[in-house]
**Q** 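The structure is given below, and queries will be raised subsequently.
Convention: sequence-line order gives letters A, B, ...; per-chain numbering from 1. These numbers come from the heavy atoms of this one structure, side chains and all, not from hydrogens, waters or symmetry mates. Worth saying up front: this structure is predicted, and the values here are computed from it rather than measured.
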Protein chains: 2
Amino acid sequence: MGHNGRRRIPEATVARLPLYYRSLIDCNERDLATVSSDQLAELAGVNAAKVRKDLSYLGSYGTRGVGYDVEYLLHEISRELGLTQDWPCVIVGAGNLGAALANYRGFGARGFRIVGLVDDASDKVGQTVGELTVEPMHTLANMVNERSISIGIIATPASAAQPVADALISAGIRSVLNFAPAVISVPPNVSVRKVDLATELQILSFYQLRGLTSGPALVVDRPA
Amino acid sequence: MGHNGRRRIPEATVARLPLYYRSLIDCNERDLATVSSDQLAELAGVNAAKVRKDLSYLGSYGTRGVGYDVEYLLHEISRELGLTQDWPCVIVGAGNLGAALANYRGFGARGFRIVGLVDDASDKVGQTVGELTVEPMHTLANMVNERSISIGIIATPASAAQPVADALISAGIRSVLNFAPAVISVPPNVSVRKVDLATELQILSFYQLRGLTSGPALVVDRPA
DNA sequence: GCCTGTGAACCTTTTCACAGCA
DNA sequence: TGCTGTGAAAAGGTTCACAGGC
């Protein structure tokens, strides 16, 4: 089984694990017992060498000549990603985006439940969004504590992003998903991921402008 | 001025240009005439060496001992990103997410106007969302043509993503932003960027689980 | 024969460090 | 002196290609 055991998993690999996870769920629903790196690659939209390399960082979970046991690999990846446990989330900002996120049934369901929705605008506080009621900012620290919230989602305008981040962090949050189009500064023990719609569109426009394509874009193979 | 002239801009650099763009807008609003790579780095949340390298791919637009002229650099980056022109977009999927995106005033405004909202559900068609009316799928090809749409935004459930992508592409779209949690296959002359909330949360959960932080996360420097 | 696991080659990206110009 | 522009070094990520077990 080579040197394997406890090597540090590269960031690029971590970023692809959710992709494999989703692909394996697919396999499972189609009652496949095993998958090859080729099949998994196709489902995940990457190439087979990458799949094998990535999975090898987790351990030697495949069988030569056969492939990977779907259930088993699914279990291992879930464990690595922490999807066997619950991650209560709070959304700050109950505007269009915040409300949509609160209602969104696409959080891979597993684990990431929205348990709080916060906004400071007095016309928002008290409103109902799905099963949540909008609560005022000053309740944040208590909320995080009482509901064991571990992830904060920023869905405010850019100008509010930094103060909101500060508030989340001083409430004890150490993982932040930022939808506001602004860079936020955080201490080194806090993770931030950002999702920026304008940025994505601008990248598309760059390539469209030149008749080029972004990425390997080798995600081909459709007949037509 | 070195070898510069028409070197190909690396993808990693392209992905950061929107960040610089936004930072420069900030500078402009604060009436700064010039900005150094250090300042720009701080605003964009990257390091100064990267800023200089990135900007050097565009040309030698800085002045040694001084920095970069804000207006001028802003103009150059706008041009590179194609923000001097209009990019009409269509959103497919008028659920929570699609509706939120249609209303979202955070597309960096410039250029990316949503000019169509499409959904196939008969209870959605005809509804009004902001200033848009939901139109049925079969109007897509005409719409793309008549309104010169260049970017398609997929905001459907995962199961619809591939057929919707196919429809967009056969309508002539060559840039796709995919919010559905599914991999879509496209021919090599089409760009796809994806935004996946579940993926982002799972990456956060991976690092939180281990008490680690993703990325360089050196975006520090806040007093406290 | 089939498919994994993995060194080694290769390519991209980041960082360093400093020459060169204002 | 200050800050850019850029070769060169280092790090990180991807792909190749094949040994090795099923």
**Q** If a pair satisfies side-chain hydrogen bond (donor to acceptor under 3.5 Å, both in side chains) and one of its residues is in residues 170-184 of chain B, list it, with sequence neighbours excluded.
**A**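 Applying side-chain hydrogen bond (donor to acceptor under 3.5 Å, both in side chains) to every pair that reaches into residues 170-184 of chain B, excluding sequence neighbours, yields A:Q208-B:S175.
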**Q** Decide yes or no for B:R147 and B:V90: does some side-chain heavy atom of the first lie under 4.5 Å from some side-chain heavy atom of the second?
**A**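 Of all side-chain heavy-atom pairs linking B:V90 with B:R147, none is under 4.5 Å.
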**Q** Rounded off to whole Å, could you give me the CD-to-C1' distance for the B:Q39 and D:dG2 pair?
**A** 12 Å
**Q** Is B:Q85 atom CD crowded by more than 12 heavy atoms from other residues, nucleotides or ligands, each under 6.0 Å away?
**A**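 Result for CD/B:Q85: enclosed.
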**Q** Any idea which heavy atoms bring B:L19 and A:K194 closest together, and the distance?
**A** CD1-CE, 4.1 Å
**Q** Report yes if some heavy atom in the side chain of B:T34 is under 4.5 Å from a heavy atom in the side chain of B:Y68; otherwise report no.
**A**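 Not in contact.
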**Q** Please find the pair of heavy atoms, one from B:S56 and one from B:K53, that lie closest to each other, and give the distance.
**A** OG-O, 2.7 Å
**Q** Evaluate the side-chain proximity of B:L197 to A:Y104: yes if any heavy-atom separation is below 4.5 Å, no if none is.
**A** yes
**Q** Round to a whole Å and report the spacing from CG of A:L73 to P of C:dT4.
**A** 11 Å
**Q** Figure out the CD1/C1' separation between A:I9 and C:dT6, and round it to whole Å.
**A**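 That distance rounds to 16 Å.
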**Q** Measure CZ/A:R52 against P/C:dG7 and give the value in whole Å, please.
**A**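 Those two atoms, CZ and P, are 14 Å apart.
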**Q** Would you say a side-chain N or O of A:S37 is under 4.0 Å from OP1 or OP2 of C:dT4?
**A** yes
**Q** Test side-chain contact (heavy atoms from CB on, under 4.5 Å) on B:F112 and B:L83 and set out the steps.
**A** CA-CA 9 Å; B:F112 302 97; B:L83 305 183; 3.7 Å; yes
**Q** Between B:L58 (CG) and D:dG5 (C1'), how many Å, whole number?
**A**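 For the pair B:L58 CG and D:dG5 C1', the rounded distance is 13 Å.
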**Q** Would you mind reading off the distance between B:L55 atom CG and C:dT14 atom P, rounded to a whole angstrom?
**A** 14 Å
**Q** Would you tabulate the pairs of protein nitrogen or oxygen atoms and nucleotide nitrogen or oxygen atoms of nucleotides 20-22 of chain C closer than 3.5 angstrom?
**A**
unit_1: C:dG20; atom_1: N3; unit_2: B:R64; atom_2: NH1; d: 3.2
unit_1: C:dA22; atom_1: O4'; unit_2: B:R64; atom_2: O; d: 3.3

**Q** Anything under 30° is parallel, anything over 60° is perpendicular, the rest tilted; go ahead and classify A:Y61 against A:Y72.
**A** perpendicular
**Q** Between C:dG5, D:dT6, D:dC3, which one does the side chain of B:S36 approach most closely?
**A** D:dC3
**Q** Tabulate protein N/O versus nucleotide N/O from nucleotides 10-14 of chain D, keeping only pairs under 3.5 Å, one per line.
**A**
unit_1: D:dT14; atom_1: OP1; unit_2: A:R16; atom_2: NH1; d: 3.1
unit_1: D:dT14; atom_1: OP2; unit_2: A:R16; atom_2: NH1; d: 3.2
unit_1: D:dT14; atom_1: OP2; unit_2: A:R16; atom_2: NH2; d: 2.8

